[in-house]
Amino acid sequence: MFRGYNLRQKEVVNIKTAERLGYIRDVEISESTGSIEAIIVPRKGCMLRRLLGGELIIPWSAIEAVGEDLVLVRLFDTDIEKLT
């Protein structure tokens with residue numbers, strides 16, 4: 001078992017493309033069940049994009065593994081376009 005604040009220290013990597021997506025900034029939690037619904041990762045790129053809310057909201061179902069330093073997700077290019 002791990003605690004939610006430990007997720008913020010982990011880097012997210014898409015195992016489909018080997019792309020480093022960034023570090024987890026926040027999580028979405030279901031009010032009714034209390035379970036984590038998604039992880040939120042700021043988009044890489046210019047600072048202006050980050051300030052304007054450029055973020056990836058990755059559904060928990062896309063997570064393949066949570067390791068000591070990394071969170072491995074399986075996202076296809078079309079998935080990433082939908083998440084932005």
Common cluster, Ile58/Leu70, ILVMFWY with side-chain heavy-atom separation under 4.5 Å: no
Measure across Ala38 and Ile57 and return the closest heavy-atom pair with its distance rounded to 0.1 Å. CB-CG2, 3.7 Å
Check each of Val73, Leu56, Ile40 against Val12 using the side chain to side chain contact (heavy atoms under 4.5 Å, CB included) test, and report the only one that passes. Val73
Taking atom OG of Ser32 and atom CD of Glu37, what is their separation to the nearest 0.5 Å? 7.5 Å
Could you state whether Leu21 and Ile63 fall into the same hydrophobic cluster, counting links through intermediate Ile, Leu, Val, Met, Phe, Trp or Tyr residues with side-chain heavy atoms under 4.5 angstrom apart? yes
Side chain of Asn14, backbone of Leu75: donor and acceptor closer than 3.5 Å? yes
Is the backbone N or O of Tyr23 less than 3.5 Å from a side-chain atom of Lys10, with the two atoms forming a donor-acceptor pair by type? no
Would a hydrophobic clustering, with Ile, Leu, Val, Met, Phe, Trp and Tyr connected at side-chain separations under 4.5 Å, put Ile39 with Leu72? no
Euclidean distance, Glu64 CD relative to Arg74 CZ, rounded to 0.5 Å: 4.5 Å
Spell out, yes or no, whether Val71 and Ile15 are grouped together once hydrophobic residues are joined by side-chain heavy atoms under 4.5 Å, including indirect joins. no
